[in-house]
Protein chains: 2
Amino acid sequence: MAVTIKDVARLAGVSQSSVCRALADPDQVRPETRERVETAARNLGYVPNRAARSLITGRTGNIGVVLPDLANPFFPSVVKSIQTQARRFDYAVFLSDTDEDPAVEVPLIRALAKQVDGFLLCSPRAADDEIKAFAGQTPIVVLNRRITAFPSVTADSADGMRQAVAHLHALGHRRVAYVAGPRTSWSNRDRLRGLRSATTSYQMELIEIGNVAPTVQGGTAAADLVIASPATAVLAYNDLVALGLLNRLQARGIDVPGRISVVGFDDILLAGLVSPGLTTVAIAKEHIGRVGVELLLELMADGERPTASRRVLPTQLIVRGSTGPR
Amino acid sequence: MAVTIKDVARLAGVSQSSVCRALADPDQVRPETRERVETAARNLGYVPNRAARSLITGRTGNIGVVLPDLANPFFPSVVKSIQTQARRFDYAVFLSDTDEDPAVEVPLIRALAKQVDGFLLCSPRAADDEIKAFAGQTPIVVLNRRITAFPSVTADSADGMRQAVAHLHALGHRRVAYVAGPRTSWSNRDRLRGLRSATTSYQMELIEIGNVAPTVQGGTAAADLVIASPATAVLAYNDLVALGLLNRLQARGIDVPGRISVVGFDDILLAGLVSPGLTTVAIAKEHIGRVGVELLLELMADGERPTASRRVLPTQLIVRGSTGPR
DNA sequence: TTGAAAGCGATACCAG
DNA sequence: CTGGTATCGCTTTCAA
């Protein structure tokens with residue numbers, strides 16, 4: 001059987017209460033007591049049982065992370081930064097991948113709710129209302145999406161799209177296509193909104209294609225539609241889609257960027273490794289996780305929404321070989 | 001405050017015990033009682049508190065996954081398959097990334113141990129003995145490594161390397177280099193072992209380079225050493241390293257596969273997307289997670305090591321453009 | 001500064 | 001088949 005606080009108390013010759021205090025708040029006990037407790041605990045290899053603790057404190061020391069698809073390299077980056085920041089504050093991470101299925105999201109949150117102190121929902125796909133049902137019940141911070149009632153961390157897609165469109169316009173492009181991601185994706189809508197406004201102000205024509213899955217497959221499937229369109233440049237929902245496009249365009253013998261320029265979104269690792277390199281809008285992925293955890297900690301501490309509860313991170317166009325003059 | 005079993009009991013007009021039974025084992029109570037309990041629970045939105053339950057049952061319903069680096073696309077694939085299989089048996093997943101630091105691994109396991117029923121250690125970097133210290137204490141299944149005393153799931157690297165070497169030999173290569181991964185990596189030693197035996201039996205010369213980090217950076221750094229060596233082909237510890245090599249070789253104007261052929265290991269998504277495509281040894285990544293969970297469930301159920309406790313999954317050489325005739 | 005004791009919420013045993 | 005009750009390990013009053 002595992003070693004409990006009782007064993008430590010017995011060995012140290014003090015009461016459970018003192019062990020508890022010595023470990024939780026060292027300067028609440030006499031230095032000598034503390035010393036003895038610490039030695040005893042160390043000798044026995046005592047590790048407090050978090051289940052028991054959480055039963056009484058109501059806190060678990062865990063945060064739940066829910067995301068649509070770990071296979072999209074964007075998410076592992078975010079998760080890593082969440083982990084790093086969470087560990088700094090002694091929180092462990094519960095991870096759940098929903099496989100892009102909006103239907104499993106809510107039940108999942110409900111099931112996990114008792115085991116975590118709060119949630120970071122990355123790009124959740126469920127409807128606003130479904131998620132809002134949790135407001136006031138569990139601390140939730142939303143990443144890559146904005147939902148009233150929750151703090152959020154998002155990227156400035158509008159500005160990213162403006163940079164991308166400015167770049168394409170400068171290269172001489174006047175007709176661009178957008179390959180849309182999942183209909184359920186808030187980022188998709190946000191990016192499209194930004195793109196529309198940018199193309200309008202540059203007086204460029206926008207051809208909308210999709211929706212497709214946010215994967216390489218999705219991009220591959222959309223490529224032929226792009227070729228058949230009058231567009232000379234294509235912006236993809238994300239880098240995976242862009243890479244799928246790139247791949248299929250090359251397979252069909254289309255010159256990139258000679259005949260068609262391609263722009264992605266996210267700046268995942270692969271973007272710099274393919275050739276031609278993928279021009280893409282970079283998001284500060286590490287910041288998303290870090291800021292998300294910070295907001296969540298505030299939220300869990302106060303029970304109040306943090307003061308600056310909508311953080312919008314800057315985006316940055318990274319120009320590589322997949323875009324060129326018309 | 002959250003709704004507890006007491007509230008349900010009161011509303012249903014039965015005892016706590018009956019509520020418990022009705023929910024846990026429906027045909028242990030009278031249909032009518034069951035009915036009333038279920039309605040009451042539903043109306044109140046009752047969700048059992050897992051902390052309380054685990055306190056008494058000793059089970060948590062969680063499994064812990066520890067891995068070195070989520071940024072290596074190999075691991076997300078494994079995690080996804082773990083999730084899928086775990087969910088099927090109503091287990092939730094605790095994820096921890098050690099950032100390739102062997103020193104944090106053991107403390108991490110110790111810290112998590114109380115919150116999970118068992119661990120899946122993916123490519124753990126700590127020394128055998130450190131991990132063995134947990135034998136008999138916590139159910140552990142090791143993935144991508146073999147440690148006596150634990151069930152394991154590994155890939156047949158020896159066979160993979162044999163396939164790769166046979167391929168290179170057939171293309172006319174006689175001198176090959178190996179860019180080694182982390183010294184702490186069992187897979188690295190395993191792959192090297194397989195490679196040595198393969199090159200020996202084909203009477204080829206093997207030049208060992210490294211160790212490098214198992215990342216694109218690691219490969220980039222090793223590329224110049226490869227160029228300076230007499231090797232006409234290079235096998236990398238994994239695909240990320242291979243992609244780093246590919247990138248740097250191209251940057252230095254080296255023809256791939258004309259002057260140097262490159263072979264990776266793992267077959268991550270990127271491998272098929274770069275050009276030339278990366279020839280690589282594929283592992284059944286989805287199987288690793290699934291089989292790992294299966295072994296762990298057996299282990300947790302019996303407390304015994306599963307009968308067939310060392311599963312070795314087949315490997316398969318995928319030939320793409322990065323290898324060619326000498 | 002310390003110890004005793006009352007719970008936290010669920011389960012499992014033992015009577016009835 | 002059902003109800004009462006001890007119990008899991010820890011935290012947190014309340015007295016001393």
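The structure presented is a predicted model; accordingly, all values stated were derived computationally and were not measured.
The C1' atoms of five pairs define one axis at each end of the helix from C:dT1-D:dA16 to C:dG16-D:dC1, and these two axes lie 40° apart (to 10°).
Comparing C:dG9, D:dG3, C:dT11 against the side chain of B:Ile56 picks out C:dT11 as the nearest.
Counting heavy atoms from C-beta outward, A:Phe119 and A:Val65 have side chains that stay 4.5 Å or more apart.
Checked for salt-bridge contact, A:Asp69 and A:Arg125 miss the test: no charged N lies under 4.0 Å from a carboxylate O. The existence of a salt bridge linking A:Arg145 and A:Asp128 is confirmed by a sub-4.0 Å separation between a basic side-chain nitrogen and an acidic carboxylate oxygen. Between B:Arg290 and B:Glu294, at least one side-chain nitrogen of the basic residue sits less than 4.0 Å from a carboxylate oxygen of the acidic one, meeting the salt-bridge criterion.
The structure places OG1 of B:Thr148 at 3.5 Å from NZ of B:Lys132, a figure rounded to the nearest 0.5 Å. Atom-to-atom distance recorded for A:Lys80:NZ and A:Lys285:NZ is 13.5 Å, nearest 0.5 angstrom.
Here A:Arg21 does not reach the OP1 or OP2 of D:dT11: none of its side-chain N or O atoms lies under 4.0 Å away. Put simply, B:Ser15 has a side-chain N or O that comes within less than 4.0 Å of OP1 or OP2 on D:dG3. Side-chain N/O atoms of A:Arg53 include one lying less than 4.0 angstrom from OP1 or OP2 on D:dT11. For A:Ser18, a side-chain nitrogen or oxygen approaches OP1 or OP2 of C:dG3 to under 4.0 Å.
Counting non-hydrogen atoms under 4.0 angstrom, B:Val19 reaches nothing in the nucleic acid. Among the atoms of the strands shown, none is found under 4.0 Å from any heavy atom of B:Ser54.
The distance from atom NZ of B:Lys6 to atom C1' of D:dG3 is 14 Å, rounded to the nearest whole Å. Spacing between atom CD of B:Gln115 and atom P of D:dG9 amounts to 16 Å, rounded to whole angstrom units. Note: CZ (A:Arg59) to C1' (C:dC8) measures 15 Å, nearest angstrom. For the pair A:Glu35 CD and C:dT1 P, the interatomic distance rounds to 16 Å; values are reported in whole Å. Separating the CZ atom of A:Arg30 from the P atom of C:dT1 is a distance of 9 Å, rounded to the nearest angstrom. The distance between atom CG of B:Leu55 and atom P of D:dT11, rounded to the nearest whole Å, is 12 Å. Nucleotide D:dT7 holds its P atom 19 Å from the CD1 atom of A:Ile5, rounded to whole Å.
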I'd like to know whether A:Gln83 forms a side-chain hydrogen bond (donor to acceptor under 3.5 Å, both in side chains) with B:Asp99, so could you lay out the CA-CA distance, the side-chain angles of the two residues, the decisive distance to 0.1 Å, and finally the verdict. CA-CA 10 Å; A:Gln83 289 257 12; B:Asp99 266 317; over 6 Å; no
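Position along DNA chain D of the nearest nucleotide to B:Lys114 versus B:Gln16 favours B:Gln16 as the more 5'-ward residue.
For C:dA4, the base has a donor-acceptor partner in the side chain of A:Ser17 [N/O atoms by modelled type, under 3.5 angstrom]. Between the side chain of B:Arg50 and the base of C:dG9, no donor-acceptor pair of N or O atoms lies under 3.5 Å.
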